[in-house]
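A short write-up of the structure that comes next.
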There are 2 protein chains.
Amino acid sequence: MPSKPAAPITMDAVYAAPGYLFRRMQQIAVSIFMEECKAFDLTPVQYAALVAIHTHPGIDATRLSAVIAFDRSTLGSVIERLQAKGYIERKPAPEDRRIKLLHLTKSGAAILRDIIPAVERAQARMLEPLKPADRKTLMGLLVQLVDLNNEASRVPLRAEDALEHLGKAG
Amino acid sequence: MPSKPAAPITMDAVYAAPGYLFRRMQQIAVSIFMEECKAFDLTPVQYAALVAIHTHPGIDATRLSAVIAFDRSTLGSVIERLQAKGYIERKPAPEDRRIKLLHLTKSGAAILRDIIPAVERAQARMLEPLKPADRKTLMGLLVQLVDLNNEASRVPLRAEDALEHLGKAG
DNA sequence: TGTTGATTGACAGTATACTGACGATCTAGG
DNA sequence: CCTAGATCGTCAGTATACTGTCAATCAACA
């Protein structure tokens, strides 16, 4: 079979490209999140970090980055901002002077509890234009795709491994 | 009906949230794009801008931002970098001294032609883990969702309107 | 014609993201 | 004990993104 002839260069090809659609959908998702949560002054990234610290109290920054699949470099400034807002604390670990353990403050636990309804509204709004059955289909396929492509990103998600340092049954 | 009891705060709720999945998939998509295209030193955004300038020669920056749904502020630096690499030219418009018209250089047209196979490989790799039928389903739903949520982002896509200034039939 | 209002490109400020590197520190092996 | 390698937080550099603002310019209307 001869090689395919080169397709003409059109914007429609861009609009239909997976990469373009993922970028666009991410922009929209962030925009909706910020709108629903503007009373709390928390970004999606900061929210995810708070949830992870709540779920894994005493986690260190490197393991946190694995749990939420954020870059270690990026996470540094996210943690700084959360600390500046008084939502988390960093304490040096006595048994390893390299790491700092992360904990929610009372203020952090409170805002996390209070923001949840707004976050749920935001998540619902992102999918609202689709029929309920289509929402399930889309989410199912996305979960699959993200999982199967996990290793393709710089910081693959390591949800389970990250717990080992806490001495829980691994 | 009484209000639903508050769900426990878990990472699984984050992992299943649309916003989280869109962010994750975007990270993965950019990573795959950069890997396939690293010989060309072009980002996904820069690639989309080149395609749009190729498709709409003589477009100005504001209209370009509408055609690819990028923020006007962000686009300024993207254009600067493309110009610094010698891929585009900016010429002042004689009939409106506010705007600068964008054109591909020969070098820009050449790299656009050459990079396309790599871009297509990247787009294919993003969906590769899914079965062919599921790829179509996912893309179909995403196209719908992005279109129906178009107004939710700061810079809604205006593919058609943006052509009017060129004197083509609107 | 003269002023109001809109548009354009640009800028400052903030927040993700990634690459690559660094010193401090810990761990393992000899 | 002591060094080689790994890991931790951090930093510099680059690139998207968004908010808000500004001067220059244009368009439309009184």
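Per chain, numbering begins at 1; letters A, B, ... match sequence-line order.
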Expressed in angstrom and rounded to an integer, what is the separation of [X] atom [atom1] from [N] atom [atom2]?
X: R63(A); N: dT7(D); atom1: CZ; atom2: C1'; value: 9 Å
X: E80(A); N: dT10(D); atom1: CD; atom2: P; value: 7 Å
X: F70(B); N: dT19(D); atom1: CZ; atom2: P; value: 16 Å
X: L64(A); N: dT7(D); atom1: CG; atom2: P; value: 18 Å
X: D71(B); N: dT8(C); atom1: CG; atom2: C1'; value: 14 Å
X: K85(B); N: dT14(D); atom1: NZ; atom2: P; value: 12 Å
X: L75(B); N: dT16(D); atom1: CG; atom2: C1'; value: 11 Å
X: L101(A); N: dC8(D); atom1: CG; atom2: C1'; value: 12 Å

Distance from [X] atom [atom1] to [Y] atom [atom2], nearest 0.5 Å?
X: M34(A); Y: L42(A); atom1: CE; atom2: CG; value: 8.5 Å
X: I28(B); Y: L148(A); atom1: CD1; atom2: CG; value: 9.5 Å
X: F70(B); Y: L64(B); atom1: CZ; atom2: CG; value: 8.5 Å

Quiz item: Should L127(B) and V143(B) be counted in the same cluster of Ile, Leu, Val, Met, Phe, Trp and Tyr side chains packed under 4.5 Å apart?
Solution: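 Yes; tracing contacts between hydrophobic side chains, which count when under 4.5 Å, links both residues.
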Practice problem: Measure across L50(B) and G108(B) and return the closest heavy-atom pair with its distance rounded to 0.1 Å. | Solution: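 Shortest heavy-atom contact: CD1-O, 4.5 Å.
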Quiz item: Does any residue of residues 24-48 of chain A have a heavy atom under 4.0 Å from DNA chain D, and if so, which ones, in number order?
Solution: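 Contacts with DNA chain D under 4.0 Å: Q27(A).
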Practice problem: Measure from the side-chain heavy atoms of T74(A) and tell me the nearest of dC18(D), dT16(C), dG9(C). | Solution: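 Looking only at side-chain atoms, T74(A) lies closest to dT16(C).
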Practice problem: Would you mind telling me which of dT8(C), dT16(C), dG9(D) lies closest to the side-chain atoms of R81(A)? | Solution: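 It is dT16(C).
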Self-check item: Salt-bridge present (R125(B), E35(B); N to O < 4.0 Å)
Solution: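 A salt bridge links R125(B) with E35(B).
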Quiz prompt | SB check R158(B) E151(B) (cutoff 4.0 Å) | solution =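 Judged by the 4.0 Å cut-off on N to carboxylate O distance, R158(B) and E151(B) do form a salt bridge.
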Practice problem: Specify the residue among V78(B) and G76(A) whose closest nucleotide of DNA chain D lies further upstream toward the 5′ end. | Solution: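 Upstream on the strand: G76(A).
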Exercise. Please report the C-alpha distance between F22(B) and F22(A) in whole Å, then the side-chain angles of each, then the deciding distance to 0.1 Å, and finally whether the ring pair (Phe, Tyr, Trp, His ring centres under 6.0 Å) criterion is met.
Key: CA-CA 6 Å; F22(B) 293 135; F22(A) 292 135; 8.1 Å; no
Practice problem: Any chance you could list the contact pattern along nucleotides 21-28 of chain C? Use B for base contacts, S for sugar-phosphate-only contacts and - for none, protein heavy atoms under 4.0 Å, 5' to 3'. | Solution: ---BBS--
Practice problem: Look at R90(A) and dT10(D) and indicate whether a side-chain polar atom (N or O) is within less than 4.0 Å of OP1 or OP2. | Solution: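 Checking R90(A) against dT10(D): at least one side-chain N or O falls below 4.0 Å of OP1 or OP2.
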Quiz item: Hey, is the main chain of D71(A) close enough, under 3.5 Å, to the side chain of S65(A) for a donor-acceptor pair?
Solution: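 No, the answer is negative, given that no donor and acceptor are paired below the 3.5 Å cut-off.
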